[in-house]
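Shown next, in structure tokens, is the structure this report addresses.
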Amino acid sequence: MENKVITRFAPSPTGRLHIGGARTALFAWLFAKSHQGKCLLRIEDTDLERSKSEHTKAIIDSFSWMNIQFDDEVIYQSKNKEKHLSAAKNLVKSNAAYFCSCTSERLKNLREEQQKNGLKPKYDGKCRELDLKEGSDTVIRFRNPQEGSVPFTDLVKGVIEISNHELDDLIIVRSNGTPTYNLSVVVDDIDMDITHVIRGDDHINNTPRQINIFKALGAKEPIYGHVPMILGEDGKRLSKRHGAVGVFEYEQLGVLPDALKNYLVRLGWSLGDQEIFNHEELVNKFKEGNINNSPSTFSFEKLSWFNKEYLSQIDSENLLSTLSSMETEFSQDDYSLEVLNLIRQRCSLMSDFSSESEYFFREVEDYDPKAVKKCINQQAIELLSEVLSEFESSKSWKASDVQEIIEKVLSKHELGFGKIGLPLRVALTGSINSPSIDRTAEVLGQKVVVERIQKAIKEFS
RNA sequence: GUCCCCUUCGUCUAGUGGUUAGGACACCUGGUUUUCAUCCAGGCAACAGGAGUUCGACUCUCCUAGGGGACGCCA
């Protein structure tokens, strides 16, 4: 009980759940689960300007879509404001923090001056020893140690040691009386008994500051694990201009939750040569694997491949039922099931089912010009007419019957299959890419096939 | 500018002093197939560069270069 692992994911609700955030959360969650621990969700909603409750909802929805359940109830950081403030007061009392009356204006000038001189912008400690009292526009600053360094052993990066000279006295309570991020995080992590902080490596620089606050508060700091960022295909940090970056967008595109999860986890984590890990395997084996310490590039191609793999594992009945619950032409009947079985190996995204099945549910309106140019000529039209009359009079309509008829006409003219197969495919589907023509014709049905050939002949004559 | 992190095929990665540097995606070739897709077989392709340490470096150390990140009264 004492040494139970507790991790947390702490997004700020300023937008939908981002792929990068989702992966960090996944790592934190899997880390906890593979150690039989807990993972908590803390919404960092203290930026009242940008935080929106609808975003909180969207974030939680994305996680439940991915089958990630956080433990206990969701914690809202804004509700802990009093705790943060009282921690700040204690710090002032113990002389680990002090009031500061420097204006934003002065700070801004100071920063510019330092930058100009090639220095790292830092607070110069003007009020550090002034022993000021609380005033109407004073802030509280943390009295960061000026000597020594802060070493910590990162779970993924190894030993990192940062000199206190690099750190300055950061503001922990604003002049309007609200606590700032670095204070809130520490107080909440203590409050929630967090044992391991798994977060993006853009937080590495905050870590030594936070460790100093932990110490000043008399608490033991958690173990940290900083996971590298995800980059876009151009090697820059993944952002909006790289296209789809939200979990919700992938859901819309028809990516399966397990596929997205598997892809995201493998992006930066590995266990030997294995690629496919189902949910249970991840939960059981995550801690045996290795988190990479360099940033990785997002690849839609590979995600697509994962999706295809997961798609192929779903049986047709289940697939049909999810498909018919989506905005597609599929419904829960035999015809849809046959269509599905005919086209499923041609699809890697759920959205592919619509485009691949179009001609099964709707009339062929447009013929692919390239296909027409390649396959339709006078001879093709004559052959189509011949096949048409055989089709019309056929008593039975199985794929084998269609096959037989085509071959009969073919052998009469001593021609190869393509002479009829291709034009027929164009007539029935509008293009030359489709499943085998006999099965396609069978599923389409005799009546539809006859009508489409008639229409095509009229169109091309 | 300062500090921090990172660097194996195009991409995701395995590798922890001695390997023909392995797998996956993508790509290419061949086979199966009435087209495409699927499937099967094969192929191309990498240790950023330079110094050390060592009998021996992809593996350890340092430097350089490149990439990413952080430097807010945002989180």
Side-chain angles (χ1 to χ4, degrees), chain A residues 10-14 44-47 49-51 77 100 102-104 107-108 111 114-122 137-141 154 156-158 160-163 165-168 170-182 184-185 200-208 226 228-229 231 233 235-237 263 266-276 290 292-299 301-306 308 312 343-348 356 371 374-375 403 406-407 410 416-422 424-426 429 431-438:
Chain A
S12 49
T14 53
E44 308 217 321
D45 56 349
T46 51
D47 184 346
E49 298 277 303
R50 298 193 298 152
S51 296
Q77 189 163 62
C100 165
C102 295
T103 61
S104 311
L107 263 21
K108 189 174 159 240
R111 261 196 299 275
Q114 289 164 328
Q115 293 248 18
K116 210 167 65 187
N117 296 328
L119 296 168
K120 184 173 189 162
K122 292 199 309 195
D137 45 13
T138 50
V139 300
I140 300 179
R141 278 186 190 275
D154 191 277
V156 340
K157 310 264 185 189
I160 297 176
E161 181 169 356
I162 298 194
S163 164
H165 293 292
E166 295 300 327
L167 275 24
D168 66 353
L170 62 279
I171 292 171
I172 55 176
V173 177
R174 301 184 185 91
S175 55
N176 68 6
T178 58
T180 62
Y181 170 73
N182 280 297
S184 302
V185 167
D201 71 3
D202 50 337
H203 282 287
I204 288 183
N205 294 278
N206 287 327
T207 303
H226 288 97
M229 317 249 79
L231 274 24
E233 313 248 0
K236 300 281 182 210
R237 187 222 256 268
Y263 173 69
R266 275 292 284 104
L267 198 58
W269 175 89
S270 62
L271 210 189
D273 284 341
Q274 191 173 342
E275 293 284 344
I276 304 287
N290 168 255
N292 209 89
N293 53 6
S294 52
S296 33
T297 307
F298 187 86
S299 157
E301 299 260 18
K302 187 135 188 192
L303 169 58
S304 202
W305 175 79
F306 272 104
K308 197 168 202 162
S312 71
I343 65 163
R344 58 176 300 171
Q345 72 202 133
R346 319 169 69 79
C347 303
S348 45
E356 290 292 335
K374 186 179 167 195
C375 321
Q403 172 86 9
I406 294 173
E407 296 200 333
L410 248 22
F417 196 95
K419 292 291 178 196
I420 292 180
L422 261 16
L424 191 52
R425 188 168 265 122
V426 173
T429 72
S431 87
I432 47 172
N433 298 337
S434 76
S436 71
I437 195 66
D438 49 353

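Protein chains get the first letters and strands the later ones, always in sequence-line order, with residue 1 at the start of each.
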**Among B:rU35, B:rG69, B:rC6, the one nearest A:Asn205 by side-chain distance** = B:rG69

**Message:** Going by the rule salt bridge (Lys or Arg N to Asp or Glu O under 4.0 Å), which residues pair with A:Lys120 if we only count those two or more places apart in sequence or in a different chain?
**Reply:** A:Glu166

**Fill in**
With sequence neighbours left out, the residues meeting ring-ring contact (aromatic ring centres under 6.0 Å, His included) with A:Trp269 are A:Phe277, A:Phe286

**Between B:rU61 and B:rU29 - C1' atom distance, rounded Å** = 45 Å

**Asked** Expressed in whole Å, how much space separates the C1' atoms belonging to B:rA65 and B:rG22?
**Response** 29 Å

**Complete:** Winner on side-chain proximity to A:Arg425, out of B:rC73, B:rU35, B:rC71, is B:rU35

**Proximal nucleotide (of B:rG72, B:rU38, B:rU34) relative to the A:Lys308 side chain** = B:rU38

**Prompt:** With rounding to whole Å, what would you report as the distance between B:rG52 and B:rC71 at their P atoms?
**Reply:** 40 Å

**Prompt:** If you pin A:Thr297 and A:Ser12 to their nearest nucleotides in RNA chain B, which one's is more 5'?
**Reply:** A:Thr297

**Complete:** Closest of B:rC73, B:rA70, B:rU35 to the A:Asp202 side chain is B:rA70

**Message:** Suppose you measure atom C1' in B:rU7 against the same atom in B:rU13; what distance do you get, rounded to whole Å?
**Reply:** 14 Å

**Complete:** Which of B:rG67, B:rC6, B:rC73 is nearest the side chain of A:Lys236? It is B:rG67

**Fill in**
Which of A:Thr138, A:Leu107, A:Val139 passes side-chain contact (heavy atoms from CB on, under 4.5 Å) with A:Cys102? Answer is A:Leu107

**Prompt:** Which whole-number value in Å describes the distance from A:Arg237 CZ to B:rC5 P?
**Reply:** 18 Å

**Complete:** Assert: residue with more 5' nearest nucleotide on RNA chain B, out of A:Ser296 and A:Lys302, is A:Ser296

**Residue A:Asn292, side-chain heavy atoms: nucleotide from B:rU2, B:rU34, B:rU13 that is nearest** = B:rU13

**Request:** Looking only at side-chain atoms of A:Asp273, point me to the closest of B:rA14, B:rC3, B:rC12.
**Result:** B:rA14

**Message:** Can a donor-acceptor pair be found, under 3.5 Å and without considering hydrogens, that links the side chain of A:Thr180 to the backbone of A:Ile171?
**Reply:** yes

